[in-house]
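Let me begin by presenting the structure, written as structure tokens, before commenting on it.
Just so you know, ligand 1 is whichever comes first in the structure, and atom 1 is the first atom listed for that ligand.
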Amino acid sequence: MDQHRSHNPNSSYQNPQSAYRRHRDAGGRNHCENKRSRPNQQQQHHHHHQSGPAPNLSTRKELYERDFPVYKQPVEIGCFSLDSERRFFNDGRQMRYYVEPERNPNFDLRDGYKDRYIKRDGNVKEKLDHILRWILANKSKLCSKGAAASPCALDFDFVTWRGHLTKLLTTPYEMREGWLLAVTRFKGTLYISEVETEAARREQENRTERHEEMMYWGYKFEQYTCADDVHSLPDPGGVVNTNEAFCTVVQTRLADHRLLFSGEVDCRDKDPKAPAPPACYVELKTSAEICTPKQRSNFHRFKLLKWWAQSFLPGVPRVVAGFKDDEGVVVNVDTFPISKISQLIKNEHNCWKPTVCMNFCCDFLSFVKQIAIEDHPRSVAVRDDAVQPFFF
Ligand code: A3P
Ligand code: MG
């Protein structure tokens, strides 16, 4: 433990002043095709300007086993909705209401895949656009110090999607999927956005029909358990349209990093006496039915890590899980309070630890603050999960 306690988060950074940055060409698109990403480590092929050793941040989990960092209770400061055509609205019109299913509901998740499914176009890269729209629509609220006409400085160190932070949290344990993040500093705030890796692009291109269908199942489960209005019931005969989304915008602080991020919320408790957001929110998930001790162990090690990270960040208190068989039938439903997950995994040998996730994220954000120094919207730094330097 001492070894971990004494770990200085700065000791893995080298040469923080080095100029690993250059302006992106006015017309220059990203050059990330050449990125290295796990597991297929490709040749790095880029033109960063560096002198001295590369700044580096280890992803080894042993380095992050210190005390849990300060993580302030996330506060919802707004929300927005994306409609069936992916249009932005600065309100909660797409909010849905959780309707508790039976314990053994036998929901057929395959129903409607062929004829009642409108799939969002995954080729449209929205980057941070919707969050930036929300910031512009709410700038009078965010710019307390007047002068809302010209762009004001935000009281945040980072603006990003919750999903990007989830990937950071799970990085010390993720051995398969890599990531690529781009960051730019604007008026002191760091904006972090994801860039698709070459491996992810290939994976998407080569998806099997079975995999495509299984991606629908999660949304179909949402349709079985969510109503559009407080007093209505779910409509399993309707169309599943994955353009639609309700997103919460939350404010919190991780150690000395002031964060503003947004994440999609599946639904809320419909009881009018339920606590205020985000405490009334419910995350819905599906997972393969657990029949053997090995399957239970894998569920604890891999699924619960992702579920915990995703919901812990915005302060969503519970996950409702539908366990499905190979035919896509939900055979039972269970609720997982986020605060109980760390106890659930206690008996797993060598399992993931929340503190490692949060400390890695915290150190990564400190690292980014040191790397993305130049305050210029055309200066973009990119990092992959080997946390090596790369600029364009
Ligand atoms: P499951 O969570 O039941 O797998 P989310 O749970 O984050 O709200 O996502 C809703 C559903 O979107 C998922 O349901 C899954 O069906 C689909 N989905 C989200 N991210 C995905 C990914 N990276 N790959 C495949 N499917 C994904
Ligand atoms: Mg969900």
Side-chain angles (χ1 to χ4, degrees), residues 37 81-82 86 94-99 101 105 107-113 117-123 125-126 161-167 169-170 174 176-180 194 196-197 199-226 234 240-248 261-269 278 281-290 298-299 302-314 316-326 328-336 338:
S37 60
S81 293
L82 305 173
R86 206 69 184 167
Q94 293 289 348
M95 170 77 85
R96 292 181 299 177
Y97 299 85
Y98 177 60
V99 178
F107 293 144
D108 176 8
L109 301 179
R110 305 176 94 156
D111 179 50
Y113 175 64
Y117 180 27
I118 298 173
K119 188 170 172 253
R120 175 159 82 90
D121 183 355
N123 296 319
K125 301 299 172 205
E126 298 175 326
W161 283 108
R162 177 270 308 275
H164 304 349
L165 295 174
T166 304
K167 288 190 179 178
L169 259 61
T170 59
E174 179 59 64
R176 291 194 294 196
E177 283 173 24
W179 49 252
L180 193 54
E194 192 170 29
E196 189 179 48
T197 63
R201 195 187 60 76
R202 273 200 306 267
E203 196 272 338
Q204 196 189 328
E205 267 180 8
N206 299 322
R207 264 186 210 141
T208 60
E209 178 55 26
R210 163 99 180 159
H211 189 179
E212 281 288 341
E213 183 179 338
M214 287 180 74
M215 285 178 58
Y216 166 80
W217 293 0
Y219 300 110
K220 185 67 189 175
F221 180 63
E222 295 175 6
Q223 191 193 51
Y224 276 114
T225 50
C226 294
V240 170
N241 184 327
T242 58
N243 287 300
E244 296 173 6
F246 165 82
C247 295
T248 179
F261 58 84
S262 176
E264 187 173 350
V265 169
D266 291 333
C267 57
R268 61 160 290 161
D269 188 331
Y281 290 153
V282 180
E283 171 61 40
L284 302 168
K285 290 287 181 199
T286 61
S287 194
E289 181 185 14
I290 296 167
N298 283 337
F299 172 74
F302 305 110
K303 271 287 159 80
L304 284 185
L305 164 60
K306 289 193 170 158
W307 292 5
W308 173 84
Q310 183 187 28
S311 289
F312 179 77
L313 279 165
V316 172
R318 60 181 161 141
V319 174
V320 171
F323 291 92
K324 67 208 174 195
D325 65 17
D326 288 343
V329 174
V330 174
V331 288
N332 63 289
V333 173
D334 227 334
T335 297
F336 293 86
I338 293 301

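Ordered by chain and number, Asp266 OD2, Glu283 OE2, Leu284 O make up the set of protein N, O or S atoms under 2.8 Å of the Mg ion (ligand 2).
Judged by distance alone, with hydrogens and angles left aside, the side-chain atoms of Arg162 form a donor-acceptor pair with the main-chain N or O of Gln310 at under 3.5 Å. When atom types are taken as modelled, the side chain of Arg86 and the backbone of Asn243 share a donor-acceptor pair closer than 3.5 angstrom. Side-chain atoms of Ser262 come within 3.5 Å of backbone atoms of Thr248 as a donor-acceptor pair (strictly under, hydrogens ignored). Looking only at distances, no side-chain donor or acceptor of Thr197 sits under 3.5 Å from a matching main-chain atom of Gly178. Judged purely by atom type and a 3.5 angstrom limit, Tyr98 has no side-chain atom pairing as donor or acceptor with the backbone of Leu284.
Across Arg207, Arg201, Arg202, a single residue satisfies side-chain hydrogen bond (donor to acceptor under 3.5 Å, both in side chains) together with Glu205, and that is Arg201.
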Discussion item. With salt bridge (Lys or Arg N to Asp or Glu O under 4.0 Å) as the criterion, how do Glu194 and Lys167 come out once you've worked through the C-alpha distance, each side chain's angles and the decisive distance to 0.1 Å?
Written reply: CA-CA 10 Å; Glu194 192 170 29; Lys167 288 190 179 178; 2.6 Å; yes
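Aromatic pair Phe107/Trp217: centroids not less than 6.0 angstrom apart.
Within 4.0 Å of ligand 1, counting heavy atoms only, the contacting residues are Met215, Gly218, Tyr219, Glu222, Asp266, Glu283, Leu284, Lys285, Thr286, Gln310.
Ring planes of Tyr117 and Tyr113: tilted class, angle from 30 to 60°.
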